[in-house]
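Comments concern the structure below.
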2 protein chains.
Amino acid sequence: MLGVSLIPIRSGSSPAPSAGSGAERSDAARNRELLLCAARQLVEECGADGVTMDKLAERAGVGKGTVFRRFGSRAGLMMTLLSDAEAEFQGRFMFGPPPLGPGAPPLERLIAFGAERIRYVMEYGELARAAEASLHNRFEAPAAVLWHRHIEHLLGSAGFDADPWLMAMSLSATLEPERLLHAVRVQHLSPERLEESWRQLVTRVVGGAAG
Amino acid sequence: MLGVSLIPIRSGSSPAPSAGSGAERSDAARNRELLLCAARQLVEECGADGVTMDKLAERAGVGKGTVFRRFGSRAGLMMTLLSDAEAEFQGRFMFGPPPLGPGAPPLERLIAFGAERIRYVMEYGELARAAEASLHNRFEAPAAVLWHRHIEHLLGSAGFDADPWLMAMSLSATLEPERLLHAVRVQHLSPERLEESWRQLVTRVVGGAAG
DNA sequence: AGACTAAACGGACTGCGGTCCGGATATTAT
DNA sequence: ATAATATCCGGACCGCAGTCCGTTTAGTCT
């Protein structure tokens, strides 16, 4: 097992600086707090899709440049807002109790992973969608890479013998927020039905054999 | 079999008006020709991602409003540019020779469909990606609905007995242009490897059975 | 031909994400 | 305390997709 570090995503509300030489300047820290607070307010008021960088800057009482220096982009802002929930989810499927965490058979872990992911998207879907929107490298995002590796690893453990890397890509595609949100919110499919279909999918992929 | 109409997408370079009372006005027809011609030039020069609506309007010598009246949106423009290739592809998998068209066993048709789709994306991927970008209802686009129904139908014919609608959604997700382009252009996977993984996927999905 | 009308035109305008750089400020060294 | 400096701030600015509405024009009717 590789020594993968947990939570490679942006530090959430924690005050710790990322790296480099000196610590974070006090005004910068203060502004980050203001921005995160204002952002959460705005998400609650307008929904994730209704949050604009201008509104956020105005609400927090800072300049627009400050917003972009802090978060890099709109997607970066959304990732930051998600980071706590994301870290908690990562902890559960990597170190938590079975069937999601280690201890259960790989196929059951895969099934549980999909089910948990669907629930996650039902709760944070808008943020998650916004976090990967327009990002030219949404597939390289640390969280996405981690999920991919996890699925790939479970496929391998379950005895899947043909290109687990690509199969993990296909399975990840099924669980993308945009698709799941559309299925539930527009086409009115129940999350339970999505979970059952995921179960069918992974069971057949792991179990079946193709010449 | 339902009487699905072929090519429900935007009429390409054909001069025919869509419907309604009167025919298309002559200046409108002239401007559409100018716009399509200019658009193809720009795609060749700048790539699909480099085409902006302003550039297009200037190149065609028309106002910006005209561009949007004609195509509705940037995505609409891209769909129009794709319509010929798209119609040809649709014709092939619905009425063409086996194994893609009718006559071959469903599983072989599914395998061929993925392979052809991958080749299609290798050729028109940028346009296809741009055609479904930012569209709030990319999943409702006529072409996407048609593919979905086709896959669903093949799954049913192959004896798949559990929620073919959702399974078709998962399979479609694997074939999305953005993902395939990223796999080939950024991660340098060969199209052949993608095709083989698709073959594994559909074979297992169709063949295996899950309690 | 001349008047009438519905359709098409065009470009100014808005809102957005993102960039840039001159000026302000916190921190450190003296 | 004062000076030096690296960092941060702010908002003007850009390019883009998409909208709006006053103006022009093609087709039609007399």
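Residue numbers start from 1 in every chain, and the chains themselves are labelled A, B, ... in the order their sequence lines are given, proteins ahead of strands.
The distance between atom CE of Met78(B) and atom P of dC16(D), rounded to the nearest whole Å, is 12 Å. If you measure from atom NZ of Lys55(A) to atom C1' of dG17(C), you get 14 Å, rounded to the nearest angstrom. One atom, CG of Leu77(B), and another, C1' of dA17(D), lie 12 Å apart when rounded to the nearest Å. Distance, Phe71(A) CZ to dG18(C) P: 13 Å, rounded to whole Å. If you measure from atom CE of Met53(A) to atom P of dG17(C), you get 7 Å, rounded to the nearest angstrom. Whole-Å rounding puts the Phe68(B) CZ to dT14(C) P distance at 17 Å. In this structure, the CG atom of Leu56(A) is 13 Å from the C1' atom of dG17(C), given to the nearest Å. Atom CZ in Arg70(B) sits roughly 13 Å away from atom P in dA7(C) (whole-Å rounding).
At least one side-chain nitrogen or oxygen of Thr66(B) sits closer than 4.0 Å to the OP1 or OP2 atom of dG10(C). Taking 4.0 angstrom as the limit, Asn31(A) places a side-chain polar atom (N or O) nearer than this to OP1 or OP2 of dC9(D).
Atom CD of Gln187(B) has more than 12 heavy atoms from other residues, nucleotides or ligands within 6.0 Å. Within 6.0 Å of CD on Glu140(A) lie more than 12 heavy atoms contributed by other residues, nucleotides or ligands. Counting heavy atoms of neighbouring residues, nucleotides and ligands inside a 6.0 Å radius, atom CZ of Phe93(B) exceeds 12 of them.
Within the 4.5 Å cutoff, the side chain of Leu110(B) has no heavy atoms near those of the Arg199(B) side chain.
Classified by interplanar angle (parallel below 30°, tilted 30° to 60°, perpendicular above 60°), the ring pair His150(A)/Phe113(A) is tilted.
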Exercise for the section: Starting from the C-alpha separation in whole Å, work towards a yes-or-no answer on side-chain contact (heavy atoms from CB on, under 4.5 Å) for Trp198(A) and Leu175(A). Expected result: CA-CA 9 Å; Trp198(A) 168 263; Leu175(A) 296 178; 3.5 Å; yes
Practice task
Dump the intermediate steps for side-chain contact (heavy atoms from CB on, under 4.5 Å) on Glu176(A) and His182(A), then the final yes or no.
Solution key: CA-CA 10 Å; Glu176(A) 289 215 318; His182(A) 183 265; over 6 Å; no
Handout entry: Glu132(B)/Met79(B) under side-chain contact (heavy atoms from CB on, under 4.5 Å): CA gap, chis, key distance, verdict
Key = CA-CA 8 Å; Glu132(B) 62 186 34; Met79(B) 280 187 223; over 6 Å; no
Problem - CA sep, side-chain torsions, deciding dist, call: Leu155(B), Val205(B), side-chain contact (heavy atoms from CB on, under 4.5 Å) - result: CA-CA 9 Å; Leu155(B) 282 175; Val205(B) 161; 4.3 Å; yes
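Judged purely by atom type and a 3.5 angstrom limit, Thr66(A) has no side-chain atom pairing as donor or acceptor with the backbone of Val62(A).
Overall bending of the helix from dA1(C)-dT30(D) to dT30(C)-dA1(D), expressed as the angle between end axes built from five pairs apiece, is 10° (10° steps).
Among the nucleotides dG10(C), dC9(D), dG18(C), the one closest to the side chain of Arg69(B) is dG10(C).
With 3.5 Å as the limit, one finds a donor-acceptor pair spanning the side chains of Glu86(B) and Tyr120(B).
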Handout entry: Under 4.0 Å protein heavy-atom contacts per nucleotide of nucleotides 23-30 of chain D, with B for base, S for backbone only and - for none
Key = --BSS---
Identify all pairs in which a protein N or O lies below 3.5 Å from an N or O of nucleotides 12-15 of chain D, and state each distance.
none

